[in-house]
There are 2 protein chains.
Amino acid sequence: MRQTNQLIIIKEIFQKYEGHQTANEIYKKAHRRLPAISLATVYRILNTLVTENYLERLNIEEGRYELKKEKHIHFICNKCGKIQNIPGEEQIKSIEENLKKKGMKVSKREIIFYGICKEC
Amino acid sequence: MRQTNQLIIIKEIFQKYEGHQTANEIYKKAHRRLPAISLATVYRILNTLVTENYLERLNIEEGRYELKKEKHIHFICNKCGKIQNIPGEEQIKSIEENLKKKGMKVSKREIIFYGICKEC
DNA sequence: ATATTAAATAAGAATCATTACTATCTTATA
DNA sequence: TATAAGATAGTAATGATTCTTATTTAATAT
Ligand SMILES: [Mn+2]
Ligand SMILES: [Mn+2]
Ligand SMILES: [Zn+2]
Ligand SMILES: [Zn+2]
C-alpha cells in the first residue's frame, strides 16, 4: 500500500478524532488540508482501511467509520444522535460461544442499541 | 388506515412467507397479483407497517423486512447469504439492564452476527 | 345505492450514499 | 533519473429510498 498524501491525511484524521465519522465528514476534513482530494478517493481509502482492519464500519442509516479497537457495543440516542461505546462483551461472548457449539463460525458482528441517553 | 388492495396484498405476502424480504422482493411478489402497484407504494406501506409494529426493519446493506415477532437476534452467512434467527435473549436483556442502571432508556436494537453457517 | 371527500395511489422525478470508469498523476524501485 | 504499477481526480452511473402531483378509491353520510 503506497503512502500517498491522501492516505496519510485520512489516517491522521482518525488518529486526531477517535469518534464515529461519515465518509462525507472525513472528506470535508481532508479537503481542508488537501483541496484537490476527491470523495471517491475517500471512499476507496476507507474501504481499504476496513479491509486491513485499521477501521471498522458501522452500518446505521449512513455508514460511519471509527478506528478499530477492542470490540464493543454501540448505543445511539434517538434524540441527540450521539453514538456511545458501551460495555457488554461478556454477554456477547456467551452468545458467540453458543453459536460456535451449533456449528456457526462468527467473524463479524454489529450490535446497536437505540434509545434515549442519560443527558436527554 | 384504509384497507386498500395494495395494503392487503402486502400483508398477505408477509403472512405467507415469514422470512426477511427486501422492498423489491415484496414489490415483485405484489406485482404478480396487482400489476399496477408501484414501488413507491410498497415503500410507503412498509414504512407504515413498521411504524405500526406490524413489521420490523433490519438494516443490512439493503433494508429487509419481516413480521414483528418475539425479539430475536440475527446471524447472516457471508457465503450463502442466509439470514437466521438465533437465540441469545437472556444475554441481551442483561446488557439492557446494565444500560438502564446507567440511565439510558433502550427502545430498539439491532443485533447481527456475521460468519459462516453450519451448512457452508 | 349514490354522492362526497379525505386518504391512498401511480408514475416518475429527485435525492443521497456509494461505486465505476478512465485519463492523468505519483510513489516506489531500479 | 527513467520506468511502471498503483493511486487519484473528476465525473458518470447505480441503486435504494423519498418526494411530488394529478388521479383514484375506500369509507362515510345521504
Ligand atoms: Mn464505537
Ligand atoms: Mn428475524
Ligand atoms: Zn441524547
Ligand atoms: Zn451459509
Side-chain angles (χ1 to χ4, degrees), chain A residues 1-14 19-52 54-66 74 76 78 81 83 108 110 112 114, chain B residues 1-14 19-52 54-66 74 76 78 81 83 108 110 112 114:
Chain A
M1 202 176 181
R2 286 197 195 161
Q3 296 304 303
T4 65
N5 244 325
Q6 292 84 343
L7 174 65
I8 292 164
I9 286 173
I10 287 177
K11 277 181 157 184
E12 282 177 5
I13 287 169
F14 278 100
H20 308 81
Q21 309 176 77
T22 66
N24 200 49
E25 284 166 1
I26 302 298
Y27 170 69
K28 282 191 279 185
K29 289 180 186 176
H31 186 264
R32 280 184 223 136
R33 293 181 52 190
L34 188 59
I37 198 171
S38 85
L39 182 56
T41 297
V42 171
Y43 271 106
R44 193 178 25 68
I45 290 177
L46 290 176
N47 284 335
T48 308
L49 291 178
V50 167
T51 309
E52 300 206 336
Y54 181 89
L55 294 180
E56 195 165 7
R57 188 191 147 102
L58 181 56
N59 291 311
I60 27 183
E61 353 89 25
E62 195 179 343
R64 285 190 173 263
Y65 302 79
E66 68 174 329
H74 291 108
I76 303 180
N78 288 328
I83 306 174
K108 212 190 80 176
E110 179 128 328
I112 309 175
Y114 295 86
Chain B
M1 201 177 181
R2 285 198 200 162
Q3 296 305 301
T4 65
N5 245 324
Q6 293 84 342
L7 174 66
I8 292 164
I9 285 175
I10 286 177
K11 277 181 155 183
E12 283 177 3
I13 287 169
F14 278 101
H20 308 80
Q21 310 175 77
T22 65
N24 201 48
E25 284 165 1
I26 302 297
Y27 170 69
K28 283 191 281 185
K29 289 180 186 176
H31 185 263
R32 281 183 221 137
R33 294 182 51 190
L34 188 59
I37 198 172
S38 86
L39 182 55
T41 297
V42 171
Y43 271 106
R44 195 177 23 68
I45 290 178
L46 289 176
N47 284 335
T48 308
L49 291 177
V50 167
T51 309
E52 298 206 337
Y54 181 89
L55 294 179
E56 194 166 5
R57 188 191 146 103
L58 181 56
N59 291 310
I60 29 185
E61 351 88 26
E62 197 178 341
R64 285 189 173 265
Y65 302 79
E66 68 175 328
H74 291 107
I76 304 180
N78 287 328
I83 306 174
K108 212 190 81 178
E110 179 129 326
I112 309 174
Y114 296 86

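Chain letters run A, B, ... following the sequence lines, proteins first and then strands; every chain starts at 1.
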> For C:dA8, does OP1 or OP2 lie under 4.0 Å from any side-chain N or O of B:Gln3?
Replying inline: no

> Between D:dT8 atom P and A:Asn5 atom CG, what is the distance in whole Å?
Replying inline: 10 Å

> Does B:Leu46 reach the side chain of B:Phe14, with side-chain heavy atoms less than 4.5 Å apart?
Replying inline: yes

> Base, sugar-phosphate alone, or nothing: which one does A:Asn47 contact when heavy atoms must sit under 4.0 Å apart?
Replying inline: sugar-phosphate

> Is B:Gln6 reaching over with its side chain to a backbone N or O of B:Thr41, donor-acceptor style, under 3.5 angstrom?
Replying inline: no

> Where each residue is assigned the nucleotide of DNA chain C containing its nearest heavy atom, which of B:Ala40 and B:Leu7 is assigned the position nearer the 5′ end?
Replying inline: B:Leu7

Close N or O pairs between protein and nucleotides 3-6 of chain C (under 3.5 Å):
{"unit_1": "C:dA6", "atom_1": "N3", "unit_2": "B:Arg2", "atom_2": "NH2", "d": "2.6"}

>> Using the side-chain heavy atoms of B:Met1, tell me which of these nucleotides is nearest: C:dT27, D:dT17, C:dA8.
In response: C:dA8

>> Measure NE2/B:His31 against C1'/C:dA11 and give the value in whole Å, please.
In response: 12 Å

>> I need the minimum non-hydrogen distance between B:Val42 and B:Ile10, along with the two atoms involved.
In response: CA-CD1, 4.0 Å

> If only side-chain N and O atoms of A:Gln6 are considered, is one of them under 4.0 Å from the OP1 or OP2 phosphate oxygen of D:dA9?
Replying inline: yes

> Considering only heavy atoms from C-beta outward, does the side chain of A:Ile26 approach that of A:Ile45 to under 4.5 Å?
Replying inline: no

> CG of A:Leu34 versus P of D:dA7: gap in Å, rounded?
Replying inline: 16 Å

> Rounded to whole angstroms, how far apart are CG on A:Asn24 and C1' on C:dT15?
Replying inline: 14 Å

> Tell me: CD1 of B:Ile60 to C1' of D:dG15, nearest whole Å?
Replying inline: 16 Å

>> Quick check on side chain to side chain contact (heavy atoms under 4.5 Å, CB included): which of A:Arg57, A:His20, A:Glu56 does A:Tyr65 satisfy it with?
In response: A:Arg57

>> Just N and O in the side chain of A:Thr41: are any of them under 4.0 Å from OP1 or OP2 of D:dA7?
In response: no

> Does the side chain of A:Arg44 get closer than 4.0 angstrom to OP1 or OP2 of C:dT19 through an N or O atom?
Replying inline: no

> Rounding to a whole Å, what distance do you find between B:Tyr43:OH and D:dT20:P?
Replying inline: 18 Å

>> Show me the pairs that pass salt bridge (Lys or Arg N to Asp or Glu O under 4.0 Å) and involve residues 25-42 of chain B, at least two apart or across chains.
In response: B:Glu12-B:Arg33, B:Glu25-B:Arg64

>> Under 4.0 Å, heavy atoms only, any strand: does B:Ile45 hit a base, just the sugar-phosphate, or nothing?
In response: sugar-phosphate

>> Using whole Å, what does the distance between atom P of nucleotide D:dT18 and atom CD of A:Glu62 come to?
In response: 14 Å

> Between the side chain of B:Glu62 and the main-chain N/O of B:Thr22, is any donor-acceptor distance below 3.5 Å?
Replying inline: no

> Rounding to a whole Å, what distance do you find between A:Leu46:CG and C:dT18:P?
Replying inline: 9 Å

